[in-house]
Amino acid sequence: MADFVSDLVKKVKPSATIAVSMKAAELRRAGKDVIGLGAGEPDFDTPDHIKQAAIEAINNGQTKYTAVDGTPELKQAIIGKFKRENGLEFAVNQILVSCGAKHSISNLLSAVLNPGDEVIIPAPYWVSYPDMTLLAGGVSVIVPTKQEQNFKISPQQLEKAITDKTRLIILNTPSNPTGKAYRKEELQALGEVLLKYPQVMITTDDIYEHIYWGDEEITNLGVLFPEMMDRMVFINGVSKAYAMTGWRIGYAAGPVDVITAMRKIQSQSTSNPCSISQAASVAALNGDQNCLEPMKKAFKERHDWLIAALNEIPGFSCIEGEGAFYAFPNVEEAMSKIDGINNDVEFSTWLLENAEVAVVPGTPFGAPGHVRLSFATSMENLKKAVDRIKKVLS
Ligand code: PMP
Ligand code: GLU
């Protein structure tokens, strides 16, 4: 049979986070008692007032196509959110609503990359950035960071990575998978470098901004460097903050020409995101924000417990995060003691088979020697998982 798959797609890896979640679900369906710490999605239900808005939208007949880039109501809600929470001002033509933040990022990369353009991606990174870059014809320039530097790129590393071909840098704070968030002074220092390179666009993926417990108020490069707003794209969405992963609403805010280009791509690919989900997202962004606090509190409690528990496992070393819902321990020493296990990918498979705990290996995040555990699950599950890991390693 002829080979119909394109050369480009052959180079792309499937998402490792999704692969692990699917594998865990499959094993559970087959009757195995697998504890899934792979999935990066809140275990809470979408708050009631948001669901109610969706039900009303269905009953009111909001079941047709909407504007490709989102309903006027949702775009206004997003403008309001940026002003209220981030101190950023946008006009309506600077907003694009997509089918998830993932879709917004993918549109952005397709909109700005010419073949061979470089995208600076600090590692550890969210698994999808490099492959999305590849799909859009770009070249990833991975800048590794170490646990000792809190997994944050330094201004010197950034400057060294910039070349004549650099088109974009992707920052993600708080980070998936490390949970680390850039402090104001760190953003300030990175911004000073970026100021010198006007050909470089900056995108910041702030999808975890509401799951943050750092000791200073979270800030952003747009507030610190208003003079760079004409080359910054802010990515966000309702998935993580409002426990709405399945509704598929994300958004981007940025310069008119870039947003217009992204809208054009969307008009020739997906059209508008789901009309009902958009109505629900208006309720999420404009409604009572008290629903955020209990979820954040639960994540912080689990974080505190899990990081301490992981550090008690021989051969595990894990630093605290300031947000998101992931622990990202270094497990090199633990791995080295197991016969036949040579890397984090094999170690993750070994844990799944022996402890029936699903974690994501660090390699697809650009950080071999680590594994990612999601604590978007109950304390009971976390305790059981840690017990099992301890047992198989002892
Ligand atoms: N960015 C990061 C860092 C993420 O972890 C996720 C989670 N999938 C996304 C973007 C995309 O989120 P969504 O498409 O569900 O809005
Ligand atoms: N962002 C989540 C994760 O990292 C969801 C899955 C995905 O889209 O990657 O697990």
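Taking 4.0 Å as the cut-off between side-chain N and carboxylate O, R28 and D33 do not count as a salt-bridged pair. Here E209 pairs with K81 in a salt bridge; the nearest charged N to carboxylate O distance falls below 4.0 Å. With respect to the salt-bridge test (charged N to carboxylate O, under 4.0 angstrom), the residues E216 and R183 qualify.
Hydrophobic cluster membership of V34, counting Ile, Leu, Val, Met, Phe, Trp and Tyr whose side-chain heavy atoms lie under 4.5 Å apart directly or via other members: L27, L352. In this structure, M22 shares a hydrophobic cluster with I18, the cluster being traced through Ile, Leu, Val, Met, Phe, Trp and Tyr side chains under 4.5 angstrom apart. I276 belongs to a hydrophobic cluster whose remaining members, ordered by chain and number, are I58; membership requires side-chain heavy atoms of ILVMFWY residues under 4.5 Å apart, directly or through intermediates.
With W305 as the aromatic partner, K383 meets the cation-pi criteria of under 6.0 angstrom to the ring centre and within 45 degrees of the ring axis.
Checking each of T17, T245, T377 against E41 for a side-chain hydrogen bond (donor to acceptor under 3.5 Å, both in side chains) leaves exactly one that passes, namely T245.
Using bins of under 30°, 30° to 60° and over 60° for the plane-to-plane angle, the ring pair W126/Y129 lands in the perpendicular bin. The aromatic rings of Y326 and Y208 sit perpendicular, their planes meeting at an angle over 60°, well past the 30° parallel limit. Classified by interplanar angle (parallel below 30°, tilted 30° to 60°, perpendicular above 60°), the ring pair F299/F325 is tilted.
Here the side chain of T66 pairs no donor or acceptor atom with the backbone of N272 at under 3.5 angstrom.
Using a 3.5 Å distance cut-off with no hydrogens or angles, the side chains of E322 and Y182 do not pair a donor with an acceptor. Between the side chains of R388 and N354, no donor-acceptor pair of N or O atoms lies under 3.5 Å. No donor-acceptor contact under 3.5 angstrom links the side chains of Q149 and S154, judged on distance only. For the residue pair W247 and S281, no side-chain donor N or O sits within less than 3.5 Å of a side-chain acceptor on the partner. Side-chain contact annotation: E85 with H210, donor-acceptor N/O pair under 3.5 Å present. Under 3.5 Å, the side chains of N330 and Q147 contain no donor-acceptor pair of N or O atoms.
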Problem set entry | Audit row: L135, T133, side chain to side chain contact (heavy atoms under 4.5 Å, CB included) steps and yes/no | CA-CA 5 Å; L135 271 174; T133 299; over 6 Å; no
